[in-house]
2 protein chains.
Amino acid sequence: MNSPRPQMTLADIARLAGVGSATASRALNNDKGVSTQTRQRVLDIAAQYAYVVSPEAVRLAKGNLGRVAVVAPHFSRWFFGEIVEGIEAVLREAGIDVLLYFVGSLEDRRSFFDKLPARRKVDAVIVVGFPVEKAERARLELLNVHIVAAGGQHAVYPNVCIDDYRAGRQAMDHLLFLGHQRIGMIEAVDLDQPTEPSGRSSAYRDALRESKLPIEPELVVSAPWGGEQGAEAMDALLSLKTPPTAVYAHSDEVAVGAMRSIRRAGLRIPEDISIVGIDDHPIASLMDLTTVRQPVRSQGELAAQMVLTLLEGKPLPEREITVSTQLTMRSTTAPPRQNR
Amino acid sequence: MNSPRPQMTLADIARLAGVGSATASRALNNDKGVSTQTRQRVLDIAAQYAYVVSPEAVRLAKGNLGRVAVVAPHFSRWFFGEIVEGIEAVLREAGIDVLLYFVGSLEDRRSFFDKLPARRKVDAVIVVGFPVEKAERARLELLNVHIVAAGGQHAVYPNVCIDDYRAGRQAMDHLLFLGHQRIGMIEAVDLDQPTEPSGRSSAYRDALRESKLPIEPELVVSAPWGGEQGAEAMDALLSLKTPPTAVYAHSDEVAVGAMRSIRRAGLRIPEDISIVGIDDHPIASLMDLTTVRQPVRSQGELAAQMVLTLLEGKPLPEREITVSTQLTMRSTTAPPRQNR
DNA sequence: ATTGTATTCGGAAGCGCTTCCGGTTGTTCG
DNA sequence: CGAACAACCGGAAGCGCTTCCGAATACAAT
């Protein structure tokens, strides 16, 4: 099936073309110092024998790697896939290979950070969507590699992300503006990742405080990212003696889950309960969900570009890029019943 | 910031440990033929100086690559992300690196298949979710690499996928069993990919035919994968003089889009119109969508395992693996109005 | 004491490429 | 016509590792 046809080497091509290996190399790499005819001859021979270079040898000789690692906790979630697409697109453009590391569980992470230094495989690593722990940072520094974070604030490294606090405020202020007084929050947390207090949460409290509204602990429930979890959280909110008239969810997926609970409880959206999410996940538009849009793909692209300039040895124009978010009103939010 | 601390080489470690480079190599690789003390000494020195091997050199010397490419048209769509997760998990387990190639547009594809052979970078490639064209196949064969297809039927190469026809029948038979007589189909197509007649479509016609129901062309509309497109397609169906009482969509995303159209048209699901999708996308559960479930992650895992056995030079126990699908009934399907 | 067998180790030859450096040509200018 | 210079090319030295092979030492068997 797979004929192990002997791979030709540069030396073979050189010999066949009747030139030295140095010349062959120059011809193939489009370096100067080779006459047009010689170059053509080499190229022809190479094409004829389907010559392909050995990237290992090239890299060994040149001393660079041309590879960057992308580390993320998931890929099946839209946000991550989208961001990785962005990264891949610009990196490939630059001729750099993208190595994928999927580190879902804490255990995976640990093993990733342990083994990484053992194999000097990449020029840089892009960490997508989770904070890097102290110990992990130490490992990373060991191998003398550039690090960039995308889609997760991370002051330690150059990073690109949204302003979580601002996004949260956009959502909350919208609800407040509509006249809601009793607003619930479904706080998204990640069990597997070391979690830091999110700006999305403090935005909730600040907004309430500024509106002179009480902050009632029973109105905030937390749930892992994900629709099912959002649904459960919403069930909790719904079982309150006096449920909220509006809900602010940390993500669209969570919000959509919550919507199912509301629907199943026989309540209508937005007549009985308003709901707003964050992300502008494709599903948001399909569900007519009001949300705070964040550009995801470009976060990936920007992070990749940072890596590129870092790789060129240039300084970063700015260590932290914050991409802007905007409220996208659809039809899951409306003034509370009594105000209509 | 990034101290370009000189990287130690094997030779350095060997010298420091007072042994030959051969011995150092053996010690580090846990080969036999090294006394315990010597080995320990080398290991200590290596640890102390944070020695990391150069994978290029190792590969050059050993002659193998240890890398496989995963090629997919998207990553932000759940199906692809999930399948890639599966692949990555088993390949990493085996110590193999996963290179990512995202080939959304036709153009991307072309350039991918053109350049791939120019850099003998991988031992195998896994093609996810799209058929490989003739010309591309030729390129692939050129570089003497294993090829496996996942999530897309592809008789040419070893592959793992679902039985599209069967899945379609499961959906259609369900609708038919409920008593629907006028069933629409939203056929998903991919503009950027060479498309082959899908088993999902022939299932529709066969099912109708077997039930002695007429096949009306106006009842089938096609749309690119994606919610918005599904919504538009549904609009078309809705604008028929007599719209269908049930709709079979080729994917959940399309189905969910269609649901929005139905909802916006003031119709109720399933009372006025039933709808069934394929995939069991997480969103399906959130929308209470009846669908035909396919195991996605395991398709990725199985494909990766195929690659592994291929890489070991063993023959494949079976060239084609078909994973089974099952109807998952939720609440978007019910008997048509008049039959209740 | 001698021969034999294991065990441990180091030298050195690659792996396939890039690149420095010096040698040949061919051209141009004084 | 000779010198100066450019353009082109080949030999060979790495790049950092693995691995073959032979040397050295140790220890058991004769």
Side-chain angles (χ1 to χ4, degrees), chain A residues 4-43 45-46 49-67 95 117-123 143-144, chain B residues 4-43 45-46 49-67 117-121 123 143-144:
Chain A
R5 182 167 31 73
Q7 290 289 3
M8 304 238 95
T9 69
L10 213 215
D12 295 328
I13 300 300
R15 187 160 19 76
L16 256 15
V19 301
S21 63
T23 304
S25 170
R26 282 187 282 253
L28 263 355
N29 292 309
N30 214 18
D31 285 352
K32 62 185 184 55
V34 188
S35 69
T36 319
Q37 327 160 28
T38 309
R39 179 187 307 280
Q40 198 50 55
R41 186 149 34 92
V42 173
L43 257 24
I45 297 279
Y49 289 89
Y51 167 75
V52 290
V53 302
S54 154
E56 324 299 341
V58 174
R59 294 205 172 109
L60 218 211
K62 286 190 132 113
N64 73 347
L65 295 319
R67 255 179 269 133
R119 310 236 125 218
R120 182 208 291 148
K121 284 198 265 215
V122 294
D123 298 309
L143 73 165
N144 201 4
Chain B
R5 184 166 29 74
Q7 290 287 4
M8 305 238 92
T9 70
L10 214 216
D12 295 327
I13 298 301
R15 186 160 19 76
L16 255 16
V19 301
S21 63
T23 304
S25 170
R26 281 187 283 253
L28 263 355
N29 293 309
N30 214 18
D31 284 354
K32 63 184 182 57
V34 187
S35 69
T36 319
Q37 328 158 28
T38 309
R39 179 186 308 279
Q40 197 50 54
R41 186 149 33 91
V42 173
L43 257 23
I45 296 280
Y49 289 88
Y51 168 75
V52 291
V53 302
S54 154
E56 324 299 342
V58 173
R59 295 204 171 109
L60 217 212
K62 287 188 129 118
N64 72 346
L65 295 319
R67 256 179 269 136
R119 312 233 123 220
R120 181 209 290 148
K121 286 199 265 216
D123 299 309
L143 72 165
N144 200 3

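Protein chains get the first letters and strands the later ones, always in sequence-line order, with residue 1 at the start of each. These numbers were taken from a predicted model, which means no experiment stands behind them.
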### Query
Nearest heavy-atom pair of A/Val34 and A/Ala27: which atoms, and what distance?
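Heavy atoms of A/Val34 and A/Ala27 come nearest at CG2-N, 4.1 Å.
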### Exercise: identify the closest heavy-atom pair between B/Val19 and B/Arg41
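Closest pair (atom of B/Val19, atom of B/Arg41, distance): CG1-NH1, 4.0 Å.
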Quickly work out the [X] [atom1] to [N] [atom2] distance and round it to whole Å.
{"X": "B/Arg41", "N": "C/dT8", "atom1": "CZ", "atom2": "P", "answer": "14 Å"}
{"X": "B/Glu56", "N": "D/dG16", "atom1": "CD", "atom2": "P", "answer": "11 Å"}
{"X": "B/Asn29", "N": "D/dC17", "atom1": "CG", "atom2": "C1'", "answer": "9 Å"}
{"X": "A/Ile13", "N": "C/dT18", "atom1": "CD1", "atom2": "C1'", "answer": "17 Å"}
{"X": "B/Lys32", "N": "D/dT18", "atom1": "NZ", "atom2": "P", "answer": "17 Å"}
{"X": "B/Leu28", "N": "D/dC17", "atom1": "CG", "atom2": "P", "answer": "9 Å"}
{"X": "B/Gln37", "N": "C/dT7", "atom1": "CD", "atom2": "P", "answer": "16 Å"}
{"X": "A/Arg39", "N": "D/dG10", "atom1": "CZ", "atom2": "C1'", "answer": "16 Å"}

### Message
Test of understanding: with side-chain contact (heavy atoms from CB on, under 4.5 Å), list the residues that count as partners of A/Leu28, not counting sequence neighbours.
### Response
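Only A/Leu10, A/Val42, A/Leu43, A/Ala46, A/Tyr51 meet the side-chain contact (heavy atoms from CB on, under 4.5 Å) criterion with A/Leu28.
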### Query
Residues in side-chain contact (heavy atoms from CB on, under 4.5 Å) with B/Ala57, at least two apart?
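Once residues adjacent in sequence are excluded, the partners of B/Ala57 under the side-chain contact (heavy atoms from CB on, under 4.5 Å) criterion are A/Leu60, B/Ser54.
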### Task
Could you tell me which residues satisfy side chain to side chain donor-acceptor pair (under 3.5 Å) with B/Thr38, sequence neighbours excluded, listed by chain and number?
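Counting only residues at least two positions away or on another chain, B/Thr38 forms a side chain to side chain donor-acceptor pair (under 3.5 Å) with B/Ser35.
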### Query
Looking at residues at least two apart in the chain, or sitting in another chain, which of them share a side chain to side chain donor-acceptor pair (under 3.5 Å) with B/Ser25?
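For B/Ser25, the residues satisfying side chain to side chain donor-acceptor pair (under 3.5 Å) (neighbours in sequence not counted) are B/Asn29.
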### Message
I'd like to know if A/Lys62 pairs up with B/Glu56 as an ion pair, taking the criterion as any Lys NZ or Arg NE/NH1/NH2 lying under 4.0 Å from an Asp or Glu carboxylate oxygen.
### Response
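Salt bridge flag = no for B/Glu56 with A/Lys62.
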### Of all pairs that satisfy salt bridge (Lys or Arg N to Asp or Glu O under 4.0 Å), the ones with a partner from residues 9-26 of chain A, not counting sequence neighbours
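Listed once each, the pairs are A/Asp12-A/Arg15.
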#### Entry: Within residues 27-38 of chain B or reaching into it, pairs that qualify as salt bridge (Lys or Arg N to Asp or Glu O under 4.0 Å) - sequence neighbours excluded
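Residue pairs with at least one partner in residues 27-38 of chain B: there are none.
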Pick out the pairs of N or O atoms, protein on one side and nucleotides 19-26 of chain D on the other, that lie under 3.5 Å.
none

### Task
Would you indicate, yes or no, if D/dC9 has its OP1 or OP2 atom less than 4.0 angstrom from a side-chain nitrogen or oxygen of A/Ser35?
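Checking D/dC9 against A/Ser35, a side-chain N or O does come within under 4.0 Å of OP1 or OP2.
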### Task
With DNA chain C as reference, determine whether B/Thr38 or A/Leu10 sits nearer its 5' end, using the nearest nucleotide of each.
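Nearest-nucleotide comparison on DNA chain C picks B/Thr38.
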### Task
Just compare D/dC9, D/dC17, D/dG10 and give me whichever is closest to any side-chain atom of A/Val19.
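Looking only at side-chain atoms, A/Val19 lies closest to D/dG10.
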### Message
Angle between the end axes of the helix from C/dG4-D/dC27 to C/dG30-D/dC1, five pairs per end, to the nearest 10 degrees?
### Response
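Here the helix ends are tilted 50° relative to one another.
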